[in-house]
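In what follows, a structure is listed as C-alpha cells, so that the remarks can point back to it.
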Amino acid sequence: GQGFTLRQALATGALRRLFLIAIAASFSHQLVVFHLVPYAPDRGISPVMAATLMSVLGTANMAGKLTMGPVSDRIGRRTVIALCFGLEAAMLLWLIVAWGPWSLYLFAALFGFAYGGRMPMFPAITADLFGLGSLGVIYGLVGTSMSIGWGLGAFMGGYIFDIMQSYDYAFLL
C-alpha cells in the first residue's frame with residue numbers, strides 16, 4: 001500500500017511520540033534563538049559580538065542540514081537524530097558554563113550544526129514511519145507541533161528569566 005492515512009496515523013503511539021519530540025526539540029531551539037543575544041553580554045561579550053553568534057548559528061545550521069541528510073542515509077535517521085539531540089543537550093549545558101567569545105562561538109557552531117542536522121530527519125522519519133500516501137498532511141501535523149514548541153520556547157525563556165533573573169534555568173529546562 002501507499003502507507004497510513006491520517007486517521008490511521010493518529011491512532012498510533014509513534015505519531016504521538018513524534019509530535020511530542022518535535023515540540024520539545026523546537027522549544028529548546030527557539031528558546032536559544034530568542035534569548036542567546038541578550039544572554040551573551042552577561043557571559044562576557046559585547047552586544048555586537050553577541051549578534052554575530054546568530055550568523056554562526058545559522059551558517060552551522062546550513063552545514064548540519066547538508067551534512068546529516070546524506071549521513072542518515074548511511075547510518076539511519078534515528079541514529080542521526082539521537083546524535084543531534086545529544087549534541088544539542090550537551091551544548092545547552094555548555095552554554096550555562098560558557099564564558100567569553102570563544103566558548104559562545106563554539107556553542108553557536110555546534111548547537112547550530114546539531115539543530116540543522118536534525119531538522120531534515122523529521123520529514124524523513126515521518127515518511128519512514130507512515131509511508132508516502134498521506135505524508136503531506138501527517139507531516140503537516142508534525143510541523144504544527146514544531147510551531148507550538150517554537151512559541152512556547154520563546155515565551156518560556158523570557159518568562160523564566162523575568163522570574164529567576166537568569167537564563168541558566170531556562171537553558172536547563
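Residue numbers start at 1 and run along the sequence shown. Since this is a predicted model, take the numbers as computed values, not measurements.
The nearest pair of heavy atoms linking A127 to L132 is CB-CD2, 3.9 Å. Considering all non-hydrogen atoms of both residues, F130 and A9 come closest at CD2-CB, 3.8 Å. What you find for V56 and A108 is that their closest heavy atoms are CG1-CB, 3.8 Å. Across all their heavy atoms, A124 and R77 have their closest contact at CB-CD, 3.2 Å. Here the shortest heavy-atom pairing between I81 and R78 reads CG2-O, 3.4 Å.
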Determine, stepwise, if the pair T12 / L129 fulfils side chain to side chain contact (heavy atoms under 4.5 Å, CB included). CA-CA 10 Å; T12 68; L129 289 171; over 6 Å; no

Checking side chain to side chain contact (heavy atoms under 4.5 Å, CB included) for the pair F4/L15: CA distance, chi angles, key distance, verdict? CA-CA 11 Å; F4 288 64; L15 184 58; over 6 Å; no

Decide side chain to side chain contact (heavy atoms under 4.5 Å, CB included) for S72 and M121; before the verdict, give the C-alpha distance in whole Å, the side-chain angles of both, and the deciding distance to 0.1 Å. CA-CA 8 Å; S72 76; M121 298 308 107; 3.5 Å; yes

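Distance check: M156 CE to Q30 CD gives 14.5 Å after rounding to the nearest 0.5 Å. Taking CZ from F113 and CG from L66, the interatomic distance works out to 9.5 Å, rounded to the nearest 0.5 Å. Note that CZ of F19 and CD1 of I21 are 12.5 Å apart. Values are rounded to the nearest 0.5 Å. How far OG of S26 is from CZ of R118: 6.0 Å, rounded to the nearest 0.5 Å. Here L36 contributes atom CG and F111 contributes atom CZ; the two are 9.0 Å apart, rounded to the nearest 0.5 Å. Separating the OG1 atom in T52 from the CG atom in L57 is a distance of 11.0 Å, to the nearest 0.5 Å.
Ring pair Y115/H29 is parallel by interplanar angle, where below 30° counts as parallel and above 60° as perpendicular. Aromatic ring pairs are classed by plane angle as parallel below 30°, tilted from 30° to 60° and perpendicular above 60°; the pair Y167 and F161 is parallel.
The closest side-chain heavy-atom distance from M49 to P101 is below 4.5 Å. The closest side-chain heavy-atom distance from V32 to F171 is below 4.5 Å.
A distance-only check finds a donor-acceptor pair linking the side chain of R43 to the backbone of A98 [under 3.5 Å]. Proximity of a side-chain donor or acceptor of S145 to a complementary backbone N or O of V142 within less than 3.5 Å is detected. At least one donor-acceptor pair under 3.5 Å links the side chain of T5 to the backbone N or O of Q8. The main-chain N or O of L10 is found under 3.5 Å from a side-chain atom of R16 such that the two form a donor-acceptor pair.
When the side chains of ILVMFWY residues are joined at heavy-atom separations under 4.5 Å, either directly or via intervening members, F107 and W99 end up in two distinct hydrophobic clusters. L110 is not connected to M62 by any chain of hydrophobic side-chain contacts under 4.5 Å among Ile, Leu, Val, Met, Phe, Trp and Tyr, and they are in different clusters. The hydrophobic clustering, which links ILVMFWY residues whose side-chain heavy atoms are closer than 4.5 Å, places L93 and L106 together. When hydrophobic clusters are built by joining Ile, Leu, Val, Met, Phe, Trp and Tyr residues whose side-chain heavy atoms come closer than 4.5 Å, directly or via intermediates, I23 is not grouped with F34. By the rule that hydrophobic residues join a cluster once side-chain heavy atoms approach within less than 4.5 Å of another member, I163 and F27 end up as members of one cluster.
Checking L172, L173, D168, L31 one by one against I160, the side chain to side chain contact (heavy atoms under 4.5 Å, CB included) holds for a single residue, L173.
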